There are 4 protein chains.
Amino acid sequence: MPPAPLRADAARNRERVLAAARAAVIAGDASLPLNEIARRAGVGVGTVYRHFPTRQALLEAVTDEPLALLLAEVRAAAADPDPGGGFARLVRAAGRIEIDNVGFAEVLTGDDPAAAATAAKRAELIAVAERVLERARAAGVVRADVTAGDVQRLVCGIGHAARLGGADPHERAELYTELLLAGLRP
Amino acid sequence: MPPAPLRADAARNRERVLAAARAAVIAGDASLPLNEIARRAGVGVGTVYRHFPTRQALLEAVTDEPLALLLAEVRAAAADPDPGGGFARLVRAAGRIEIDNVGFAEVLTGDDPAAAATAAKRAELIAVAERVLERARAAGVVRADVTAGDVQRLVCGIGHAARLGGADPHERAELYTELLLAGLRP
Amino acid sequence: MPPAPLRADAARNRERVLAAARAAVIAGDASLPLNEIARRAGVGVGTVYRHFPTRQALLEAVTDEPLALLLAEVRAAAADPDPGGGFARLVRAAGRIEIDNVGFAEVLTGDDPAAAATAAKRAELIAVAERVLERARAAGVVRADVTAGDVQRLVCGIGHAARLGGADPHERAELYTELLLAGLRP
Amino acid sequence: MPPAPLRADAARNRERVLAAARAAVIAGDASLPLNEIARRAGVGVGTVYRHFPTRQALLEAVTDEPLALLLAEVRAAAADPDPGGGFARLVRAAGRIEIDNVGFAEVLTGDDPAAAATAAKRAELIAVAERVLERARAAGVVRADVTAGDVQRLVCGIGHAARLGGADPHERAELYTELLLAGLRP
DNA sequence: AATGAATGAGCCTTCATTCAT
DNA sequence: AATGAATGAAGGCTCATTCAT
């Protein structure tokens with residue numbers, strides 16, 4: 001059966017929890033106690049558990065929005081007539097999204113996406129990204145010895161690096177992304 | 001006064017604890033409970049606390065050897081007559097060491113090195129690395145908009161990235177390092 | 001808002017913990033581990049912490065009942081038409097209550113009452129007691145060089161003294177209280 | 001055999017430990033870790049244990065000097081031709097000594113004096129004090145319903161009371177002692 | 001469905017005490 | 001005799017998770 005449409009109040013609660021978790025994750029505190037997330041969301045712990053049976057499930061849900069965003073970008077990249085431009089666009093978008101969503105990398109590269117929906121999105125993401133890379137490679141604008149998985153990991157790495165310094169990581173992330181793109185050329 | 005030579009048995013215990021911690025860190029489990037480290041080392045918890053009053057102190061001790069190693073490399077890099085070659089050597093060495101010592105990055109980029117010795121080594125490391133970069137920049141073989149801090153962070157990021165995939169990260173790390181070096185050229 | 005009426009079962013647990021703590025305190029073991037109090041109360045440690053975030057909070061709660069009792073007495077004393085009689089009544093009541101509630105003195109004379117309610121009661125207690133003493137002094141039935149604080153401390157001291165011997169401290173406390181009253185006369 | 005005369009250095013160590021413990025006790029920190037006492041004394045923990053097998057033994061040793069002092073006073077009191085004056089002198093001395101030696105009361109009224117020497121002194125102290133009280137009672141200058149034990153306890157209580165307030169307890173102790181003496185009159 | 005009280009395992013840390021050096 | 005390293009029991013506290021209301 002399709003996942004029963006949530007009652008209005010249930011949906012609102014779910015959203016609140018999600019918002020609290022998102023805020024925590026963005027603030028870099030991805031290990032915030034569930035008790036505390038519940039408190040900030042203004043709901044009981046039980047409610048958190050009802051909507052998200054495991055912490056992993058919650059993190060995935062948090063990552064769901066950026067994942068959709070990235071999916072859109074990768075599709076747009078695949079549709080770009082310029083293979084090199086499309087690839088660059090993809091990498092830049094991934095970098096931007098990664099830097100704004102701390103847990104993102106873990107879910108994307110982690111092993112067990114509990115939720116089927118996430119798994120599906122992830123699979124598509126990877127498949128399309130692979131095509132984008134393939135095309136760029138064929139056009140001779142990207143090194144041949146680099147896989148889609150490498151690119152994905154490198155984007156994560158760059159996000160990690162950008163976050164290591166103090167203050168605003170965005171500027172750093174931008175620079176690092178350009179470095180990465182330069183390094184990826186043949 | 002010099003830090004009083006340890007008694008033979010004390011030194012052995014210290015080494016055991018260190019070995020257990022090192023193993024844990026290499027295995028990627030840098031947050032292993034001190035209890036557990038003590039158990040694996042075959043000593044009481046108290047002994048761990050005696051030798052390393054804080055977890056940070058223990059991590060620093062674990063990182064001490066690779067830090068010394070890297071320090072030697074950076075000195076050698078500074079002595080290399082070829083600025084570009086010296087710089088590349090430094091980055092490659094840093095990459096290799098980082099990949100073999102998970103906690104390394106954190107201690108290197110973290111804020112408060114409890115132990116004075118670590119602080120000193122770290123300071124020298126950074127100073128010399130800065131000179132190496134400066135020289136490479138002056139020789140026109142490295143982009144001008146990249147600081148020593150950036151390089152340090154990027155090496156960490158690359159280590160992180162290499163570790164994200166399954167199995168042997170070494171090969172990946174090597175590739176990523178070359179990408180980084182390529183990206184750093186003007 | 002009023003402190004939300006506790007759920008029936010929560011209230012029962014709170015009471016059990018309180019009872020266990022009270023028993024321990026009366027038995028003179030005011031430093032009983034919270035672990036042990038939890039065990040005796042038949043609840044988990046967490047429950048103790050939920051109801052009383054700190055040991056101090058628990059002690060204050062334990063002392064709350066006798067504090068209320070004493071407050072009633074001191075008010076009655078203030079209302080007594082006979083200044084000397086009122087004062088004596090106050091001292092005797094304080095002695096009796098002190099002897100039955102070991103931690104009482106510490107909370108009363110200690111510095112930081114965590115709970116606002118305790119602080120308020122304490123303040124009123126002291127204020128009214130001061131008036132009782134004042135009146136007695138004015139009537140010439142109490143030495144002029146003794147402050148309310150002194151009386152408070154002396155009552156604690158007498159409780160302490162009464163508890164030092166073996167067996168039943170009550171009888172001793174009574175005698176010591178009379179000695180104190182005699183000594184306080186001009 | 002008589003307790004083998006200590007070697008000079010052993011005696012010095014013993015004295016150092018004693019001094020450290022005394023200082024801690026006077027500072028009101030009678031529960032200072034033995035490790036810490038050893039450190040302050042500049043000796044190893046083992047040395048503390050050698051000289052004082054139990055914490056109780058150490059406390060008794062700390063109390064030994066004031067005990068001797070009090071013993072002298074009580075003898076002097078017994079020798080005083082004036083029964084009332086002798087008694088008052090005894091109480092005042094006890095008060096003064098008690099206020100300067102926090103652990104004193106506990107050792108004096110506690111149950112198990114591990115050291116035989118302490119036990120002996122204590123016994124004599126009590127015996128002589130009893131005679132002083134007896135004489136005062138016979139002279140009609142002290143209430144008849146008060147035992148030597150009571151007086152001892154009351155002095156402890158007064159010390160306790162004096163220490164409850166902030167800052168300098170000496171002044172308070174003096175006042176409280178006079179109150180006690182007044183209260184003890186028939 | 002929601003709540004939040006209760007639970008208890010588990011980690012952290014301290015310190016009395018022992019014992020090899 | 002002295003030392004201080006080692007030990008481990010004990011207590012403090014947190015937090016994921018369950019479940020009665």
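Reminder, nothing fancy here: chain letters follow the sequence lines and each chain counts from 1. In this text the structure is predicted, and so the values were computed from the model without any measurement. Atoms considered below: every heavy atom in the structure, side chains included; atoms not considered: hydrogens, waters and symmetry mates.
Residue B:V45 is in base contact, counting any heavy-atom pair closer than 4.0 Å across all strands shown.
With hydrogens and angles ignored, the 3.5 Å screen pairs no side-chain donor or acceptor of C:D29 with any backbone N or O of C:V25. With D:R22 contributing its side chain and D:V17 its backbone, the two residues share no donor-acceptor pair below 3.5 Å. Between the side chain of A:T63 and the main chain of A:L59, a donor-acceptor pair closer than 3.5 Å is present.
The residue among C:L34 and B:V43 whose nearest nucleotide of DNA chain F is located toward the 5' end is B:V43. Residue B:P53 is the one, among B:P53 and D:L32, whose nearest nucleotide of DNA chain E lies closer to the 5' end (criterion: closest heavy atom). Heavy-atom distances to DNA chain E give each of C:G42 and B:D9 a nearest nucleotide, and the one nearer the 5′ end belongs to C:G42.
A sub-4.0 Å separation between OP1 or OP2 of E:dC12 and a side-chain N or O of B:R55 is present. Between A:H51 and E:dA1, a side-chain N or O to OP1/OP2 separation shorter than 4.0 Å is absent. At the phosphate of F:dA2, OP1 or OP2 sits under 4.0 Å from a side-chain N or O atom of D:N13.
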Residue pair C:E60, C:R122: steps toward the salt bridge (charged side-chain N to carboxylate O under 4.0 Å, His left out) verdict: CA-CA 11 Å; C:E60 274 184 41; C:R122 215 173 96 162; over 6 Å; no

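A straight line from CZ of C:R39 to P of F:dA10 spans 13 Å, rounded to a whole angstrom. For the pair A:F52 CZ and F:dA16 P, the interatomic distance rounds to 16 Å; values are reported in whole Å. Distance D:D29 CG to E:dC15 C1': 14 Å, rounded to the nearest Å. For the pair C:R40 CZ and F:dG11 P, the computed distance is 11 Å after rounding to whole Å. Per the geometry, CZ belonging to C:R16 stands 10 Å off P belonging to E:dA6, to the nearest Å. If you take CZ of B:R12 and C1' of E:dA20, they are 11 Å apart, rounded to a whole angstrom. In this structure, D:R50 atom CZ and E:dT21 atom C1' are separated by 14 Å, rounded to whole Å. The separation between D:I37 atom CD1 and F:dG4 atom C1' is 16 Å, rounded to whole Å.
Of all the heavy atoms in B:K121 and B:L67, the pair that sits closest is CB-CD2, 3.8 Å.
E:dC11 is paired with F:dG12 under the Watson-Crick or G-U wobble criterion, all donor-acceptor distances under 3.5 Å. If you check E:dT3 for Watson-Crick or wobble pairing at under 3.5 angstrom, you find it paired to F:dA20.
Comparing E:dA2, F:dC15, E:dC12 by their nearest atom to the side chain of B:Y49 picks out E:dC12. Which of E:dC11, E:dA6, F:dA16 sits closest to the side chain of C:T47 comes down to E:dA6. Closest to the side chain of B:A10, out of E:dA16, F:dA6, E:dA1, is F:dA6. Nearest to the side-chain atoms of B:N35 among the listed nucleotides E:dC12, F:dA16, F:dG11 stands E:dC12.
For CD of B:E65, the number of neighbouring non-hydrogen atoms (other residues, nucleotides, ligands) closer than 6.0 Å is 12 at most.
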